[in-house]
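Atoms within each ligand, like the ligands themselves, are counted from 1 in listed order.
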Amino acid sequence: MEIKVVENFDMLSREAAKIFYEVIKKKPDCVLGLATGETPVGLYDCLAGAYERGELDFSRVRTVNLDEYYPISPSDPQSYRYFMNTKLFDRVNIDKSNTHIPDGLSADVDKSCEEYDMLIDRLGGVDVQVLGIGRNGHIGFNEPSDTLQLCTHLTDLTEDTVNANARFFDDESSVPRKAITMGLGGIFKARKIVILASGDKKREAVAKLRSNKLDTQTPASLLQLHPDVILICDRDAYGED
Ligand code: PGA
């Protein structure tokens, strides 16, 4: 795993954007693996800026997102569909029908999870996947556990994740307790993975991510097995050498 330590969040966002920029330039119909949360927002700002300056064209780009709350309507401002529309898709010339997010309203969750994995395969797989990391070491919503899932699935969110997500809600009782997430197998199929971490709240998770140990209680630690991963983090997240 390559590790790049930068001074602050802006630099982290710009470093991540350079990688995405190259992928989109080289392969105009690439498949981007996208994530929600605070950390990738700076990356999305950089990509939207590049589009505004006429440097990037999203007209043929396809996207798949890692996860979505369940149950939730795509028009709910707390949904990840809403998040992606406002933070990126509405700011660039992407065709929304080429953007894919797990169905937060599915009546048959098992079937729609299976279809989501088939869809990613049909698109030809993810060229570059951005990931945040949870304070508890989760990636997507693959929460710490004795066993981890390979495929897209419905999962219960841990108390720690519910607490972390509460900052986006008016009160904690309205924070969703379940989500649909790509599994570790799906994430690992991405040809390249860019994992971003900012701030000292992520320091413990980052230390475990680069520990040379694999631990299903820190799902991100398994990324050490992937052949093409870069961790971009700021000083606060990296801590001391
Ligand atoms: P954050 O979330 O970017 O909002 O810190 C990351 C995550 O939980 O995966």
Side-chain angles (χ1 to χ4, degrees), residues 6 8-17 20 32-47 64-70 72 77-84 86-88 101-102 126 128-145 148-149 152-153 155-169 172 175-184 186-188 190 193-210 216-223 226 229-239:
V6 295
N8 55 41
F9 182 74
D10 278 353
M11 289 168 77
L12 169 153
S13 303
R14 282 204 296 272
E15 286 298 327
F20 273 66
L32 305 180
L34 302 178
T36 52
E38 265 177 278
T39 318
V41 166
L43 160 66
Y44 300 152
D45 285 342
C46 291
L47 294 177
V64 290
N65 261 75
L66 284 172
D67 43 24
E68 176 61 284
Y69 288 130
Y70 184 84
I72 201 160
Q78 295 291 358
S79 72
Y80 287 167
R81 162 53 75 182
Y82 191 92
F83 178 102
M84 289 309 306
T86 52
K87 303 292 184 204
L88 182 64
I101 297 182
V126 170
V128 58
Q129 173 74 55
V130 63
L131 296 176
I133 182 170
R135 296 184 308 204
N136 65 359
H138 73 199
I139 45 174
F141 279 129
N142 293 275
E143 298 283 37
S145 171
L148 297 172
Q149 305 271 337
T152 298
H153 59 284
T155 187
D156 291 314
L157 303 181
T158 60
E159 255 336 281
D160 193 66
T161 295
V162 171
N163 291 338
N165 292 348
R167 71 200 134 127
F168 302 114
F169 290 79
E172 196 174 312
V175 184
R177 261 51 187 180
K178 284 182 188 290
I180 296 172
T181 181
M182 275 166 65
L184 266 293
I187 293 172
F188 262 72
I193 295 179
V194 179
I195 181 158
L196 305 177
S198 172
D200 55 11
K201 287 198 180 75
K202 301 295 173 70
R203 198 175 289 178
E204 201 181 319
V206 166
K208 289 183 180 160
L209 166 60
R210 56 190 186 91
T216 60
Q217 297 296 338
T218 305
S221 68
L222 274 76
L223 290 173
H226 190 282
V229 181
I230 178 166
L231 164 66
I232 307 175
C233 58
D234 60 21
R235 281 258 153 239
D236 286 345
Y238 189 78

Inset, instruction - Determine, step by step, whether Glu143 and Thr155 satisfy the side-chain hydrogen bond (donor to acceptor under 3.5 Å, both in side chains) criterion, reporting the C-alpha distance in whole Å, the side-chain angles of both residues, the deciding distance to 0.1 Å, and the verdict. - result: CA-CA 8 Å; Glu143 298 283 37; Thr155 187; over 6 Å; no
List the residues meeting side-chain hydrogen bond (donor to acceptor under 3.5 Å, both in side chains) with [X], not counting sequence neighbours, and say none if there are none.
X	result
Thr152	Asp117
Thr218	none
Glu38	Arg167

Inset, instruction - Please say which of Leu231, Ile133, Leu184, Ile195 ends up in a side-chain contact (heavy atoms from CB on, under 4.5 Å) with Leu223. - result: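 Going through Leu231, Ile133, Leu184, Ile195 one by one, the side-chain contact (heavy atoms from CB on, under 4.5 Å) with Leu223 is satisfied by Ile195 alone.
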Inset, instruction - Measure up the Tyr69 and Tyr80 rings against each other and bin them: parallel (under 30°), tilted (30 to 60°), perpendicular (over 60°). - result: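 Aromatic pair Tyr69/Tyr80 classed tilted.
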Legend entry - Residues in contact with ligand 1, criterion: heavy atom under 4.0 Å: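 Heavy-atom contacts below 4.0 Å: Gly37, Glu38, Thr39, Gly132, Ile133, Gly134, His138, Arg167, Lys202.
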